[in-house]
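A quick note: this is a predicted structure, and the numbers were derived from the prediction, not measured. Here is the naming used below: chain letters follow the sequence lines, and residue numbers restart at 1 for every chain. These numbers come from the heavy atoms of this one structure, side chains and all, not from hydrogens, waters or symmetry mates.
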Amino acid sequence: MNSITRRLFVSLMAGAAMSLGMTTAHADPSGTFKYAEQVKLITMDPQQQSGSGVPYLRPVYESLFERDASGKPAPLLATGYEIDGLNVKISLREGVKFSNGEAFNAAVAADNINRGVKLGIIEGLKTVESAEANDEYTFTIKLKEKDPAIIDSLTHTGGMMLAPAAMADPTIDRNPIGTGPYVHSKQESREGEVQVYTPNPLYWDPDKIGLERYEVWEIPDDTARLNALKTGQIDAGNWLANPQSAIIDSSPDLKLIRNTGGLNYHVIISDRNGTQVPAFADVNVRQAMAHSINRAAFGKAILFGLSEDTYQPYPKGHWAHNPDVEGAYAYDVEKAKEYMAKSAFPDGFAFDMPSIPIYQSRLEALAGFFKEIGITMNIVPVEPGTLARRSRTTDFPATNLVWATNTDPKFLALRYIYEDAAYNPFHIKPGDELLTAANAGLESVDTDVRGPAYRQMAAKLAEEAFLIFVANSPILIGVTNATAANPTVVYRYGEDSINLRGLKAND
Amino acid sequence: MFRLIFQRLLALVPLLFIVSVLTFSFTSLLPSDPVDLILGDTGTDEQHEMLRERMGLNEPIYLRYLQWLGRAVQGDLGNSFFNSVSVMDAVMQRLPVTLSLTAISALIAIVVGISAGVVAALRPRSWVDRLATLGATFGQAIPNFWFGLILVAIFAVNLRWFPATGFTPITNAPWEWLRSSILPSIALGTASSAAIARQVRSAMVGVLQQDYIRAARAQGLSARRVLFKHALTNAMVPVVAVLSFQITVLLGGALIVEQVFAINGLGTLAIAAVRQQDIPMLQGLVLVMVGLVVIVQLATDIIYGLLNPKARPT
């Protein structure tokens, strides 16, 4: 990695953050804002958080950096960084205290990173060797390997800072202590129902506390959450692309926000050397499959018209998105049949595809498309919760998963492309061009430099067609009209949460 | 009577043991793995193994069960697999919610069911009887979750008379407790009221044709006295048995209705525990539910004995 220095100044970037649409906050917080989360709260320990549920953490925990409106890292608890080879030196904001009165400094920040590394759950910290304080307000993260996404990883759970007392508390999962604008009120929260947050009297930027009370309601049932939104019991909530979010989208009293990020649904041809299914080794077959999918019909019928057709891992607007790949496998059954005819398997073949209940309808649609070109996809149910694990084994020659589109592209290579990638269970060696593009993306932290490499990677992936991208569904946040009209509501880039700094209650 | 209670409580011990063995065995046989949920999509095999070891999942199933049993007999049901929440605390926090819902539903079922059954029985084959029978058929046929959704759409979303979701504890605000309980209780209690109405009608029609009812009427007793003192009391004997069964059904039905109304009761907890394979939580829930069913049956036996002296234990 080139020695790159990026110094981010508080005043400059704070100005950028303000450009997100925040208005001047009043000194006296007032009112309540209620957000509904679709996943149950599992833990309030950000370093043991492996999936969804970030809205429960954001009121209490601040990360070192946050993403600005364009998705680039902006300062929060950190004021800047310098990357020199495998060393990432981070400078911290001074005068910050945790809500329990403990000081936030470099030693605490380093301890946080080391704890995250030791727990090993956060994917973004897997390249980190260790961290150590240099002085009171700077510390250095030592990397095991080049990682241009390290700063981006510190905008999320990997960079959330826990108080020393919280790190030592075995019940941290229900007793969070951070530096955030709000503190968790255990007394007022009801386990399994609602988590209540009240202003943090020690917050370093008190003008940004606009609420007297913030609540996160646990409502996993989509219809119940919709009813709560319709009746004004909640101000906002998150949804997947489903009938309920389609209702929100069409309701005059509600608004469906399509936030940046989301999920990319795709088929993975794991056995692309043809060990179990010889046909998969033939690129004509894979390209035929890609052409046979009517993505528009799929999006309309399965994702309720809330998705976009896709042929690559990144949605339009993302810095790694390659416009040249758009439409590469536009729906064309005749073309698909031509590819099949050109292949060594003109009469078709059959293969098994694992399915969990939420993907059943998706796979039934895909099976219908593949059937048109003589390919029989047998849908094999697997136990819910086991799809990812089974997909990392050679149990199936192909699988289907979703990819969070706000994830740094380097993880695409780590998960699917490299010989030892988690979702490359047949350990197939990538071609030179693909490998070169994937590695070139690691040579800089600058997305302007990395973009071309990953665009090339997207083009090569399209050509090889072992990852067949089907649909991108954005992060969907349903809000009331009052919330939609609230100028202090700023949706976090790539997250299903609202930025609480400066958030005020609806009028 | 005390002997009956003692016998039932004694029988609870082997019952709980058998149920806990079965629950533990069945959930442990499921192919999914709670470690997957904790580590997510990106956990390495090494991390999986470490976490399994830390959670004790690598121990043989019988050993894990015996360890759990050893703690359980001392009143410690352990903590959830996923956080530091105590199983006992989690269950006890939600128990009043589900009990409250079940109690109001049972009350609705009893009042509506008995009233409809009696009115229908007093005028057999009349339009009132046919209407009550039709209502009972309808009540039994409609799924409670669907009925709940309809109630929410009309009375919460459109009319805004009741909240669409959530539950307010009675200790927080009694009026809000009632408002938050009405719709889920109606959704839950409708099928039971229909079953009770059918039973009451059938029993009452039979009782009203008995000689002692004719004798009571011949003695010049008021119609109300004949109905409530002589007919209904005797007709209630088979109804109590149905009621016991219906209360058990209501407890089970609450699990579904809680989802529709986003009520944080035992059902919501149970569904989350099943999805996550949170075995300690499931064990705690099953034990409590079995205990509740046994208590309901015990109460039924006691009431049965009070109504029917012949059925009292000797």
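E191(A) contributes atom CD, which lies 8.5 Å from atom OG of S80(B) (distance to the nearest 0.5 angstrom). The CG atom of D221(A) sits 7.5 Å away from atom CG of L149(B), with the distance rounded to the nearest 0.5 Å. Taken to the nearest 0.5 Å, the CG atom of N264(B) stands 5.5 Å off from the NZ atom of K40(A). In this structure, CG on L51(B) lies 6.5 Å from CD1 on I121(A), to the nearest 0.5 angstrom.
The main-chain N or O of A164(B) is found under 3.5 Å from a side-chain atom of Q233(A) such that the two form a donor-acceptor pair.
Within 6.0 Å of NZ on K118(A) lie no more than 12 heavy atoms contributed by other residues, nucleotides or ligands. Residue-environment remark: CE (M167(A)) exceeds the threshold of 12 foreign heavy atoms within 6.0 Å.
Proximity to chain A is limited to the side chain of N172(B), based on heavy atoms less than 4.5 angstrom apart. The part of V152(B) that comes within reach of chain A is its side chain, from C-beta onward, which places non-hydrogen atoms under 4.5 angstrom from that chain. Contact annotation for E193(A): both backbone and side-chain heavy atoms come within less than 4.5 Å of a heavy atom of chain B. Looking at T223(A), only its side chain comes within 4.5 Å of chain B, counting heavy atoms on both sides. Using a 4.5 Å cut-off between heavy atoms, R190(A) touches chain B through backbone and side chain atoms alike. Contact annotation for T165(B): both backbone and side-chain heavy atoms come within less than 4.5 Å of a heavy atom of chain A.
Listed in order of number, the residues of residues 83-108 of chain B that approach chain A to under 4.5 Å between heavy atoms are N83(B), S84(B), V85(B), Q93(B), R94(B).
Here the closest heavy-atom approach between residue R160(B) and residue K230(A) is recorded as NH2-O, 2.8 Å.
Of the listed residues (L119(A), T231(A), N227(A), T43(A)), the one with the most heavy-atom contacts under 4.5 Å to chain B is T231(A).
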